[in-house]
Amino acid sequence: MASRQNVRDLNWALQAIKSGKTHLHSISFYHFQPTSSCYQETENSMSINISKNNDSIACFSQILNALSGARSSQQSLKNLEFHRVEWDRQQLKYLSSLLEKNISIKQLMFQRNVFNVEGLSEFSEMLKKNGGVKEVVFSESGIGCVGASLLASALKRNECLEELQIWDDSIGTRGAEELAKMIEVNSTLKLLIILDSHSLTATPLISAVLARSRAMEVHVWSGDSREKSTKVVEFVPENSTLRIYKLDLSGSQRVACALGWNSTVRTLDMTGIRLKSRWAKEFRGVLEQNRTLKHVILSKTCLKDKGVVYVAAGLFKNQCLQTLQLDGNWFSGVGVEHLLCPLSRFSAIQNPANVTLKSVAFGGGKTKIGRDGLAAILQMLVTNESIICFGIHDDESLKLDDFVRIFRSLEKNTTLRQLSLKGCKGIRGEYLLETIMDTLQVNPWIESIDLSRTPLENGGKADGIYQKLGQNRKVEPEMDLLEDMSLMVPTSCRVFLCGQEFAGKTTLCNSITQNFSSSKLPYIDQIRTLVNPVEQAVRTVGIQIKTFQDNDTKISIWDLAGQHEFYAFHDLMFPGHGSPSFFLLISSLFRKPDNREQKSPSEVEEDLMYWLRFIVSNSRRAPSQSMLPNITVVLTHIDKTTQSSENLHLTVNLIQKLREKFNGFVEFYPTVFTVDARSSSSVSKLTHHVRKTSKTVLQRVPRIYSMINDLIRILSDWRSENYNRPALKWKEFSDLCQAKVPVLRIRSRHDNIEKVEMRRRAAANALHHIGEVIFFEDLGYLILDCEWFCGEVLGRLIRLDVTKQNSAENGFLSRKELEKILRGSLQSRIPGMGPKVFENLEVGDLVQMMLKLELCYEQDPADPNSLLLIPAILIEGRGRPQKWQLSTPDCEYVGRHLECDDSSHMFLTPGFFPRLQVHLHNKILGSKNPHAATYYLEKYLISITINGIHVRVELGGQLGYYIDVLACSTKNTTEMLRLFHQLIIPTIQGLCHGVTLIEHILRPECVKNLMPPRYRKTQFVPLWQLKQALLTVPAEGMYDYQHTWTSVSEGSRTILLSGFDYARNLLSEDDFREVLHRRYHDLYNLAVELAVPMENTQNPPPVTENETDSTVEATMSGIAKGVEAVLQRLKIIEQEIRDLKQEIQGLRYYEHRLLIELHRKVNYLVNYTAHLEEKKVPHMFYFVQTENYSRKLVTNMISGMTALRLHMLCEFRREMHVVQDQQGCELMKVDNQAVKCLAPYMSKFMKLLTFALKIGAHMVAGMGEMIPDLGREVAHLSDSSAFYGGAALAAGAVGVATAGQMGGSRNRSLGRYPGGESSRNVQQDMKAAQQWLVDFLKERKCSSGREISEKFGLWRVRYRDDGQIAWVCRWHREVRANEIMEVPI
């Protein structure tokens, strides 16, 4: 009754507008209605119905006229919608007057309107002058090519309109050409959407956008009301991706021509378009001219040899393309040979023509690689040094021996990281398996090999390969068992509404649903479907699902509950990788819906951050990502604020920063929607976005088997015949498949029944994957009504109240007790009322369901009567005082802090810690001494006592991005850390799918006092950093090295004083000895390089400990035995310390011997230049590469390196060093000549310098005149293994002018370089290096003394005592003026 009273006549609307008392934002006009009426939906929106009689039509004109004169509407009116209006010239004049006076109107929508030519011309003239309207939509209005031409002429002059949409029309090629001419002139249009009856309209439109490099989003569809619409072209500037779904050959050629000088497209995807050599010829020009195109996908385009030859020709000149995908085409070995030619080297002095392409793939059933193609592949793999990813897909032409040769060729390849051979029939046999394992033994650089759908993996023989690669086996989805079935585009898409409680998700969901169905309902029914305010106040329980049909597309909106108790449940329903779905992130601008307390921008950011990190964390759990999660942000309760609000602008700016922050993790829609969730007109644009995005997502996700759609129809019919039963048992599903699905039918008793069952499970999993059913194999059910299951069943299971049960202790409950609670909670006492769950499910099934959904866990899975752990009933213990159960003076304390490596984008999702509580419990019970362990749980705590060690595992961080593991025991640090690394930390890491945890050391004082987490934020150090610090100190200082901790304060109160701990106490003995062995390894390699024999040393015998704790008797003899045991323990500890110190003493001895030899050889290199003629330029220089605002010493110079800077060292004798704040000289690119001149000397000098630095630069201060202090640059050096062997030809600090005169009076031992090379060879190397340096400085106009002092801060001086020349810094020139005299050039 209340809604009927709100229906008024047109005169009331006219008077309300004239009075100026209404402040409308949106008005919708509906013509040809049964009766004339108006209805004010909200205080800001109104719907007006116009009947067919003349009086009503005249009243429509009066309302338009009144709107143009009303001052209130001139300030507030934003949107106008016209449905089924037949415009005459007078009405358009009123509309023109309204738009001229009211510049606040931003959106015009015409649905099923009728315009004559004069009317369209009038509208065009109006649009030329208008400066306020941002969006114009024509839907089924029949404007045709004439209307499109008139719109184009108007938009050539209009500088305001940003969005133009023409739906269900036929503008024709003529209209499209006129719009294309407009695009060439108009630079303000940001979005163009066309749905036309012909696909030919796409060609001129997208060509104009590409030719002018417009940042305009374009979507073109083809089809009419009688056939399904399909997307033709899509260009999204946000991700710079152009996707072409349907174009003829001439259209493809025109698009290729437009791409030549385009600067906005980064990715071109033409999968499935039939292309010919004429297109490839045009595309060759694109590759030669375009400088921004990075990724090209030409899969299944029917390209033959001639077309591939053109593409390959373009690669010769292209220097920007990174990815080229050509699988599924029709070329032969000739095409392969030409394709790989620009990527190969055919002589030692020649470089490949293309060095920027990183990934290339080809193959397919119709690609015949042959002998020529195989030879080209082998040549490329042996000689190429730029390809990182290489793929041959679904090949049937290569045989077993061919793949053996391919893997043999990889033994010499050091750049390839990923090899994909999926679907290749020749990957089979034990011989090939042995070859692959042998190759991986020699080549450690290959990171992954994809052998999916090959006979080798299908036979279960690829596990050893994956284990060798250190990667988990990539299990293909079981639905691939149906690979002989035809594929099709999915027709169902899920939209997930994510947001905190009171965000308005349910109300928004109802409004979107109303918009989808409003065009099919009578007006009075639309009024009845409006959300009742009482209904809005009801909070969502579980997940509510709304499903509706949009032509051939089924869209279901999954409204996730925002209450915290449901967060752990969200993990389970997260869509799998490649699932057709996207996310709407909803955030209210106000804290509660019943007040006007507005959220700050940071609060909105916090809301969105949780869901963004949740989506990223869950999406990374997938073994592969076919597409990034699609995200759209929606801000609700916009009706309570104004568009000009400063707070709103700050919020939108913060969201823009979030888009930039999560770039590469999710795909953000650029527009932020601000809506009043109660108003259907306010969410109309959002509804249109949902429609558009659903169709786009369905086009982009992997195809599904056509049989799946038949199954959907069969299951729907089954429900109709069985009184809409929401659940189907597996036996019933099997019977249904046997009767109605031929491909899932057992045909005879000789059929492989197990294989048929696997096919049926694969089909059920595929239905689960696209959101049609919910299927868990262990459960034995298919849930057909997802909304019933998520709302009525799971929504109530999660909120079970078991806290009143006496048996619910420490989170554990018996199975019988849980079944009793389920019956009481889910069975209504009033007949006919309640959820009626048990009409479709047994109570035992519900318990199994809770186990499968990880809502509870079995304490002992092997025991059918095992207790069940229910994490939801665990108590919160953070507010209570915390203390160790064990507290004695001889206690040791150890802590490890495990933090997400990328905590700004990911976290440990709410379902993680409950899983950890049970998995850790099961591991401890399965250990050798389960009787020695106790286990206690709280909501965010696991407390364990095992073998005398007390351990606490705490979940920390506001969003759970770290875990602290704390331990207390009378045992030593090593024993506690062994428990950490053998049991606790591996269990934690094993559950963090896709999230990497970095290990840090916690300050023992924080562990001892159980300091709250907020005080521990600065009290930890990365484990790798402490180990690295030990490697840089002198050997004699390793044992006594101290790590310093800062103090902790809160306000003016000091919580924890600063202090220090010995590194030997923070690390276990295993870690400390690992550091020593790394030090020994460095020294050993230095000894090999210097040809110094290492003495044979024997490791000290291992010390065995009797760790059995004996009980001390309360007698004099018992006390004496106890004292004796303590003394024995002290002797063992003393012996351990003595052995460690003895090991360190040996380390110091070998360092001393090696440094003496190093001293001799470095002095040789330096004194080699003592009499070099005049020394007109400095000769000691090194290269630094600037990368991400950090300086990195160049340790490996190869041809093609860029962005290097040349720096000079101060050459003052015995005090050589890096000159601070030196400008240096830029080297744009390293060519072959530079490498040839510099590499010989650099290999000699940098080896010595690197070894000195690896054992500590402090040790070589004053040892010879050559070792500079390169501490800053060396901070980024990699581990020692990178500098040894043939790969150690380093380019870093180079003393070019270390060549000098070698007098004939030198004896034979000095007549050769200490490394074994003759003096003459060294002299030739030095001359070449010196000449390169002189030429380089002359080229940079830096050869005079003044220019060198400006760029390098060095001055040419002569020593007063021996007359030698050197280049020294300002400090030495001034402080040591009594030893030197300046000698200008």
Participant: Would a 4.5 Å heavy-atom cut-off, applied to side chains only, mark Cys493 and Lys554 as touching?
Facilitator: no
Participant: How far apart are the closest heavy atoms of Lys695 and Ser229, and which atoms are they?
Facilitator: NZ-OG, 3.9 Å
Participant: Would you indicate whether the side-chain heavy atoms of Ser45 and Thr42 approach each other to under 4.5 Å?
Facilitator: yes
Participant: Which pair of heavy atoms, one from Thr636 and one from Ala503, lies closest together, and at what distance?
Facilitator: OG1-O, 2.7 Å
Participant: Which of parallel (below 30°), tilted (30 to 60°) and perpendicular (above 60°) describes Phe582 and His689?
Facilitator: perpendicular
Participant: With rounding to the nearest 0.5 angstrom, report the CG to NE2 distance, Leu508 to His637.
Facilitator: 10.0 Å
Participant: Do the rings of His688 and Trp167 sit parallel, tilted or perpendicular, given the 30° and 60° boundaries?
Facilitator: perpendicular
Participant: For the atom pair CZ (Arg494) and CZ (Phe583), what is the distance rounded to the nearest 0.5 Å?
Facilitator: 9.0 Å
Participant: If we only count heavy atoms from C-beta on, is the Pro726 to Leu784 side-chain gap below 4.5 Å?
Facilitator: no
Participant: Salt bridge check, Arg678 against Glu41: does any charged N sit closer than 4.0 Å to a carboxylate O?
Facilitator: no
Participant: Kindly confirm or rule out a cation-pi arrangement of Lys740 over Trp718, judged by NZ or CZ under 6.0 Å from the six-membered ring centre and within 45° of its axis?
Facilitator: no
Participant: Is the shortest side-chain N to carboxylate O distance from Glu667 to Arg700 below 4.0 Å?
Facilitator: yes
Participant: Stepwise, does the side chain to side chain contact (heavy atoms under 4.5 Å, CB included) test hold for Leu635 with Thr674?
Facilitator: CA-CA 5 Å; Leu635 301 178; Thr674 55; 4.2 Å; yes
Participant: Any carboxylate oxygen within less than 4.0 angstrom of a Lys/Arg side-chain nitrogen, looking at Arg725 and Glu732?
Facilitator: yes
Participant: For the pair Ser684 (side chain) and Ser680 (backbone), establish whether a donor and an acceptor sit closer than 3.5 Å, ignoring hydrogens and angles.
Facilitator: no
Participant: Going by heavy atoms in the side chains, are Leu584 and Cys498 under 4.5 Å from each other?
Facilitator: no
Participant: Any non-hydrogen side-chain atom of Lys692 less than 4.5 Å from a side-chain atom of His219?
Facilitator: yes
Participant: Are Ile545 and Asp785 packed together at the side-chain level, in the sense that at least one heavy-atom pair is separated by less than 4.5 angstrom?
Facilitator: no
Participant: Compare every heavy atom of Leu497 with every heavy atom of Cys509, then report the nearest pair and how far apart it is.
Facilitator: CB-CD1, 3.7 Å
Participant: Do Leu908 and Leu916 have side chains that get closer than 4.5 Å, going by heavy atoms?
Facilitator: no
Participant: When rounded to the nearest 0.5 angstrom, what is the spacing between CD in Glu757 and SG in Cys737?
Facilitator: 8.5 Å
Participant: Which is it for Val741 and Leu736 under the side chain to side chain contact (heavy atoms under 4.5 Å, CB included) test, yes or no, and what are the steps along the way?
Facilitator: CA-CA 7 Å; Val741 188; Leu736 204 60; over 6 Å; no
Participant: Would you check if the side chain of Arg703 reaches a backbone N or O of Pro490 as a donor-acceptor pair within less than 3.5 Å?
Facilitator: no
Participant: Measure from the side-chain N and O atoms of Ser682 to the backbone N and O of Val675, and report whether any donor-acceptor pair falls under 3.5 Å.
Facilitator: no
Participant: Can you measure from CG (Leu728) to CZ (Arg719) and round to the nearest 0.5 angstrom?
Facilitator: 10.5 Å
Participant: Please report the shortest heavy-atom distance between Asp559 and Thr506, naming the atom on each side.
Facilitator: OD2-OG1, 2.7 Å
Participant: Can you tell me how far CG of Asn765 sits from CE of Met758, rounded to the nearest 0.5 angstrom?
Facilitator: 11.0 Å
Participant: State, to 0.1 Å, how close Ser587 and Asp607 come at their nearest heavy-atom pair, and which atoms those are.
Facilitator: OG-OD2, 3.5 Å
Participant: Could you please spell out the steps behind the side chain to side chain contact (heavy atoms under 4.5 Å, CB included) verdict for Ile704 and Ile770?
Facilitator: CA-CA 9 Å; Ile704 64 172; Ile770 63 176; 4.2 Å; yes
Participant: Are Tyr245 and Thr230 close enough that some pair of their side-chain heavy atoms sits under 4.5 Å apart?
Facilitator: no
Participant: In Å and rounded to the nearest 0.5 Å, what is the CG to CD1 distance from Leu686 to Ile512?
Facilitator: 4.5 Å
Participant: Can any side-chain N or O of Ser716 pair as donor or acceptor with the backbone N or O of Ile712 at less than 3.5 Å?
Facilitator: no
Participant: Quick check: closest heavy atoms across Val633 and Phe668, and the distance to 0.1 Å?
Facilitator: CG2-CE2, 3.4 Å
Participant: Donor-acceptor pair, Ser579 side chain versus His769 backbone, under 3.5 Å?
Facilitator: yes
Participant: Could you walk me through whether Leu711 and Leu767 pass the side chain to side chain contact (heavy atoms under 4.5 Å, CB included) test, one step at a time?
Facilitator: CA-CA 9 Å; Leu711 261 180; Leu767 291 169; 4.1 Å; yes
Participant: Does the gap between the ring centers of Trp730 and Phe775 come in under 6.0 Å?
Facilitator: yes
